[in-house]
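Here's the structure, in structure tokens; my notes come after.
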Amino acid sequence: MKTNKVTIGLIQGKCGKDIAQNVEYHVQKVEEAAKKGAQIICLQELFNAQYFCQTVNVEHYNLAEPIDSPTLQKMSELAKKFEVVLIVPIYEKAGRGVYFNSAVVYDADGSYLGTTRKNHIPDGPQYHEKYYFVPGNTGYPVYETRYGTIGIGICWDEWFPEVARILALQGADILFYPSAIGSEPDHPELSTRRAWEKAISAHGISNGVFIAAVNRVGQEDDMSFYGGSFVSNPLGDIVQSLDDEEGILIQEVDLGEIDFARNLLQFLRDRRVETYGPLLEKELLKKHR
């Protein structure tokens with residue numbers, strides 16, 4: 001089995017109300033992860049601010065930053081300094097009144113590789129994202145980095161199997177899922193953590209890829225974020241995970257396992273794309289009995 005080992009780093013942290021402090025916190029954590037051997041490091045969704053989508057407030061638009069902001073310039077310099085690939089999820093200001101939930105990717109020399117914009121935008125109690133984010137217009141890009149080919153789905157995107165399939169078909173070996181997920185205000189007795197973990201790790205099985213999901217932790221206003229960041233292998237096994245506290249997950253993966261899994265479970269070979277037309281319909285009308 002071909003060996004091609006890559007070390008993943010996931011930063012699971014808390015966010016306070018001070019943006020500058022949040023950025024500095026993550027700068028320190030990236031440095032720590034790099035010194036522990038991480039080569040591809042992913043931060044959590046909207047990494048530098050508390051999850052502002054709990055309420056509808058026009059003032060929150062001021063949190064958005066352009067791609068050339070000082071925050072992102074600092075992240076580019078950090079990637080170059082430590083020779084790491086860095087995935088930076090940010091609230092992006094693309095133009096006046098046009099805002100995206102995005103993830104910016106820097107290669108290990110600090111160069112800008114591109115931006116993935118969140119495609120699926122949820123809306124529900126304390127997840128008022130349709131007020132803040134335009135649906136993504138970048139499609140589902142993959143990135144050829146120094147250490148491997150990666151794809152990204154941002155939070156709600158990670159629940160959709162179509163996203164994982166498209167990224168895998170384009171050659172991604174590792175799917176990164178930066179997230180901000182926690183308590184359900186209309187169902188306070190319910191935790192979605194196990195469903196979240198199962199749904200995403202299952203993408204690894206059906207596509208023969210590694211999964212790296214990172215979530216935030218802590219109490220932010222009325223929401224509690226449960227963490228649970230993890231890495232799973234192409235057979236869906238969770239090889240390492242974090243609990244509900246701050247932490248850095250460092251995990252080496254062997255990309256040679258992808259070939260083994262895909263040869264064992266030939267899902268890509270046996271796809272019947274000519275039969276999948278109904279997937280393009282929003283709703284399928286059933287015949288009356």
Side-chain angles (χ1 to χ4, degrees), residues 6-13 26 29-30 33-34 38-47 75 78-79 84-90 92 100-108 112-120 136 138-181 196-197 199-205 207-216 227-234 236 238-242 247-253 255 257-258:
V6 178
T7 302
I8 295 168
L10 303 178
I11 310 299
Q12 177 173 290
H26 283 89
K29 295 299 181 182
V30 168
Q39 296 170 300
I40 306 177
I41 300 174
C42 185
L43 308 183
Q44 61 209 19
E45 181 185 21
L46 303 170
F47 88 98
M75 292 296 156
L78 200 60
V84 296
V85 174
L86 195 53
I87 302 167
V88 187
I90 198 82
E92 179 196 353
F100 293 96
N101 187 333
S102 300
V104 181
V105 183
Y106 298 104
D107 209 349
Y112 169 75
L113 290 183
T115 299
T116 293
R117 290 168 170 166
K118 186 173 182 176
N119 284 282
H120 299 86
T138 56
Y140 304 99
V142 298
Y143 303 95
E144 298 280 351
T145 78
R146 180 183 297 183
Y147 304 116
T149 306
I150 64 173
I152 302 167
I154 303 173
C155 204
W156 197 225
D157 287 339
E158 68 201 1
W159 292 86
F160 290 81
E162 296 88 350
V163 174
R165 179 71 88 202
I166 292 170
L167 293 172
L169 288 174
Q170 293 184 106
D173 296 321
I174 309 170
L175 306 188
F176 285 89
Y177 290 129
S179 311
I181 184 169
W196 175 74
E197 188 178 80
I200 303 170
S201 60
H203 298 331
I205 303 171
N207 293 288
V209 293
F210 286 93
I211 302 294
V214 57
N215 191 21
R216 65 175 62 201
S229 302
F230 70 90
V231 171
S232 63
N233 67 20
I238 307 297
V239 294
Q240 187 182 167
S241 64
L242 299 177
I248 300 176
L249 187 156
I250 305 292
Q251 179 63 49
E252 183 182 74
V253 300
L255 301 183
E257 293 181 30
I258 294 173

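Side-chain contact between N233 and V253 is absent, with no heavy-atom pair separated by less than 4.5 Å. A heavy-atom distance below 4.5 Å is not found between the side chains of N119 and V163. Inter-residue side-chain proximity for I90 and F47 is flagged as met; some heavy-atom pair is nearer than 4.5 Å. Put simply, the side chain of L43 does not reach to within 4.5 Å of the side chain of V214, judged on heavy atoms. Between S232 and F210 the shortest side-chain heavy-atom distance does not fall below 4.5 Å.
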(request) Let me see the working for N207 and R165 under side-chain contact (heavy atoms from CB on, under 4.5 Å), right down to the final yes or no. (result) CA-CA 6 Å; N207 293 288; R165 179 71 88 202; 2.9 Å; yes

(message) Checking V88 against H26 for the side-chain contact (heavy atoms from CB on, under 4.5 Å) test, could you report, in this order, the C-alpha distance in whole Å, the side-chain angles of both residues, the deciding distance, and whether it holds?
(response) CA-CA 10 Å; V88 187; H26 283 89; over 6 Å; no

(request) Check the pair Y140 / E162 against side-chain contact (heavy atoms from CB on, under 4.5 Å), numbers first and verdict last. (result) CA-CA 10 Å; Y140 304 99; E162 296 88 350; over 6 Å; no

(request) Test I211 against F230 for side-chain contact (heavy atoms from CB on, under 4.5 Å), laying out the working first. (result) CA-CA 8 Å; I211 302 294; F230 70 90; 4.1 Å; yes

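The side-chain contact (heavy atoms from CB on, under 4.5 Å) test applied to L242 returns Q12, S229, L249, not counting sequence neighbours. Take R117 and apply the side chain to side chain donor-acceptor pair (under 3.5 Å) test, not counting sequence neighbours, and it matches E92, N137.
The shortest heavy-atom contact between A172 and V209 is O-CG1, 3.4 Å. A pairwise comparison of heavy atoms in T115 and P141 identifies O-CG, 4.2 Å as the closest pair. The minimum heavy-atom distance linking Y147 with V84 is given by the pair CE1-CA, 4.3 Å. P178 and P89 get closest at one heavy-atom pair: CB-CG, 3.6 Å. Across every non-hydrogen atom of L167 and V142, the tightest pair is O-CG1, 3.7 Å. When all heavy atoms of V85 and R146 are compared, the closest pair comes out as CG2-N, 4.4 Å.
Applying the side chain to side chain contact (heavy atoms under 4.5 Å, CB included) test between Y143 and each of T116, I40, I87, T149 identifies T116 as the sole match.
Looking only at distances, a side-chain donor or acceptor of Q240 sits under 3.5 Å from a matching main-chain atom of I250. No donor-acceptor pair closer than 3.5 Å links the side chain of N215 to the backbone N or O of G228. Using a distance-only test at 3.5 Å, with no hydrogens or angles considered, a donor-acceptor pair links the side chain of Q39 to the main chain of T7.
Ring geometry, W159 versus W156: the interplanar angle falls from 30° to 60°, so the pair is classed tilted. Using bins of under 30°, 30° to 60° and over 60° for the plane-to-plane angle, the ring pair Y177/H203 lands in the perpendicular bin.
D157 CG to S179 OG: the interatomic distance, rounded to the nearest 0.5 Å, is 10.0 Å. The CD1 atom of I174 sits 5.5 Å away from atom CG of L255, with the distance rounded to the nearest 0.5 Å. Separating the NZ atom in K118 from the CD1 atom in I152 is a distance of 13.5 Å, to the nearest 0.5 Å. With rounding to the nearest 0.5 Å, the separation of CZ in R216 from CD1 in I181 is 12.0 Å.
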